[in-house]
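Single-structure report; data block below.
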Amino acid sequence: MSPEARPRPRLPIKQLLLVLGLVATAYAAALLVWGERPQASLSFLWSWTGLQAASLCLLNYALRGLRWRLWMAHYGRHFGPMQGLRLYLAGYAFTPTPGNVGEAVRGLMLARQPLSAGQSLAIFGAERLADLLCLLLLCLPAVAWGMGQGALRAAPPWLPWLLAAGALAALGLLAVMIRFRLALLRRFAWLEGAWRCLALRPWAWFGLTLAAWAAQGVAVWLICRDMNVSLEVLTATGFYAVAMVAGALSALPAGLGGTEAVLAGLLVAYGATPGQALSITVLTRLLTLWLAVAIGLVALLYSAAIRKEISFR
């Protein structure tokens with residue numbers, strides 16, 4: 001089947017806007033009911049520190065966009081910096097899907113020379129594996145803090161069990177992948193493609209990925225500092241990384257629920273009040289998740305309606 005005859009994905013714009021509206025309403029209600037100084041908390045978004053945190057989140061998107069361009073070039077799709085970034089950002093419109101799997105349509109949506117389903121899944125798989133590797137590395141300061149302080153004893157009783165279950169699940173999945181890697185690569189063509197993407201200039205994608213997630217960790221540290229919760233920057237980054245891994249393992253849309261619960265629980269364990277923890281968690285997710293979704297929707301509509309670089313026919 002020629003690329004022109006290949007069916008195009010349909011944009012669930014109503015569903016995406018519904019999810020965005022419901023979550024934004026839930027976050028606002030949570031701040032209003034349980035947050036401390038909700039108006040002051042939300043005013044952080046317009047403060048100088050808030051702009052710094054937002055800039056770090058934008059840096060995360062830009063670095064991961066460069067990584068995507070690297071792997072798209074592997075399949076013969078070459079984009080300029082701005083065009084590549086715009087097409088990459090458009091994929092964030094589909095982040096509120098289970099396991100973020102909606103982002104796999106990035107390559108399928110191209111109006112000219114779209115990727116095959118296997119190629120698009122290969123890049124998506126490489127992205128997720130690279131993200132998981134770097135987030136696990138960034139978890140180490142949080143693990144060291146927990147072991148050194150014994151502070152997890154002060155955490156909600158469900159948190160240690162949740163972290164233990166997540167760690168066991170991650171180790172089990174890793175063991176299965178290593179044990180049956182050859183069979184998996186033969187069985188799933190996209191997984192073999194993902195492996196080849198990761199073999200391409202590994203230090204380049206590793207550096208981009210680690211720097212990208214570290215930037216968002218620093219953004220979380222800035223939010224904590226503004227909320228009068230004194231964490232070390234590495235500890236704040238570690239807390240965020242642990243929460244992101246937990247959200248990813250939950251396979252819920254964008255990790256909703258799991259990420260928030262773990263981040264808030266870790267902050268309370270550190271000594272933050274529930275109100276402070278909730279405010280930090282809501283602001284973190286607004287900047288690290290929903291900002292990306294909003295930018296993604298704008299980039300998607302602009303690329304499809306004006307630039308004609310994306311097609312859904």
Side-chain angles (χ1 to χ4, degrees), residues 55-79 81 84-85 87-89 91-92 95 99-101 103-104 106-107 115 119-144 166-167 169-171 173-178 181-182 184-185 188 190-221 232-249 254-255 259 288-289 292:
S55 297
L56 288 167
C57 294
L58 294 176
L59 177 61
N60 172 284
Y61 312 149
L63 292 174
R64 291 162 70 197
L66 287 174
R67 182 187 66 181
W68 183 75
R69 284 181 61 226
L70 170 69
W71 288 331
M72 287 295 287
H74 172 63
Y75 287 110
R77 275 63 168 186
H78 300 276
F79 305 109
L85 179 59
L87 292 173
Y88 175 76
L89 291 173
Y92 282 134
T95 296
N100 297 6
V101 72
E103 294 182 23
R106 278 191 178 100
L115 296 180
Q119 291 170 335
S120 191
L121 280 173
I123 292 179
F124 174 76
E127 288 182 297
R128 295 289 78 82
L129 290 171
D131 289 341
L132 180 60
L133 170 63
C134 291
L135 284 169
L136 287 174
L137 289 174
L138 291 173
C139 286
L140 294 178
V143 173
L171 289 174
L173 179 61
L174 181 61
V176 169
M177 290 182 67
I178 293 174
R181 64 187 182 280
L182 295 179
L184 287 171
L185 291 176
F188 301 103
W190 67 268
L191 188 58
E192 183 177 4
W195 191 264
R196 290 177 178 174
C197 287
L198 293 173
L200 177 68
R201 298 175 61 186
W203 288 110
W205 64 254
F206 177 79
L208 290 170
T209 307
L210 189 65
W213 289 112
Q216 285 200 337
V218 176
V220 175
W221 172 72
E232 296 292 335
V233 64
L234 288 178
T235 305
T237 301
F239 283 2
Y240 175 66
V242 170
M244 288 298 295
V245 172
L249 292 175
T259 300
T288 61
L289 171 62

Do [X] and [Y] have side chains that get closer than 4.5 Å, going by heavy atoms?
{"X": "Arg69", "Y": "Pro81", "answer": "yes"}
{"X": "Tyr92", "Y": "Arg64", "answer": "yes"}
{"X": "Trp71", "Y": "Arg201", "answer": "no"}
{"X": "Leu87", "Y": "Phe79", "answer": "yes"}
{"X": "Leu115", "Y": "Met72", "answer": "yes"}

Which pairs of donor and acceptor atoms, one on a side chain in residues 202-216, lie under 3.5 Å apart (sequence neighbours left out)?
residue	atom	partner	partner atom	Å
Trp205	NE1	Leu198	O	2.7
Thr209	OG1	Arg67	NH1	2.9
Thr209	OG1	Trp205	O	2.6
Trp213	NE1	Asp131	OD1	3.0
Gln216	OE1	Tyr240	OH	2.6

Could you tell me the separation between the [atom1] atom of [X] and the [atom2] atom of [Y], rounded to the nearest 0.5 Å?
{"X": "Leu133", "Y": "Leu137", "atom1": "CG", "atom2": "CG", "answer": "5.0 Å"}
{"X": "Arg128", "Y": "Leu135", "atom1": "CZ", "atom2": "CG", "answer": "9.5 Å"}
{"X": "Trp68", "Y": "Cys197", "atom1": "CH2", "atom2": "SG", "answer": "12.0 Å"}
{"X": "Leu289", "Y": "Thr95", "atom1": "CG", "atom2": "OG1", "answer": "7.0 Å"}
{"X": "Phe124", "Y": "Leu129", "atom1": "CZ", "atom2": "CG", "answer": "9.5 Å"}
{"X": "Tyr61", "Y": "Leu56", "atom1": "OH", "atom2": "CG", "answer": "11.0 Å"}

Legend entry - Arg196: partners by salt bridge (charged side-chain N to carboxylate O under 4.0 Å, His left out), with sequence neighbours left out: Glu192
Inset, instruction - Kindly indicate whether a cation-pi arrangement holds for Arg106 with Tyr88, taking the cut-offs as under 6.0 Å to the six-membered ring centre and within 45° of the axis. - result: yes
For residues [X] and [Y], report the shortest heavy-atom separation together with the two atoms involved.
{"X": "Ala194", "Y": "Gly125", "result": "CB-C, 4.0 Å"}
{"X": "Leu121", "Y": "Ala104", "result": "CD2-CB, 4.0 Å"}
{"X": "Ala142", "Y": "Val242", "result": "CB-CG2, 4.0 Å"}

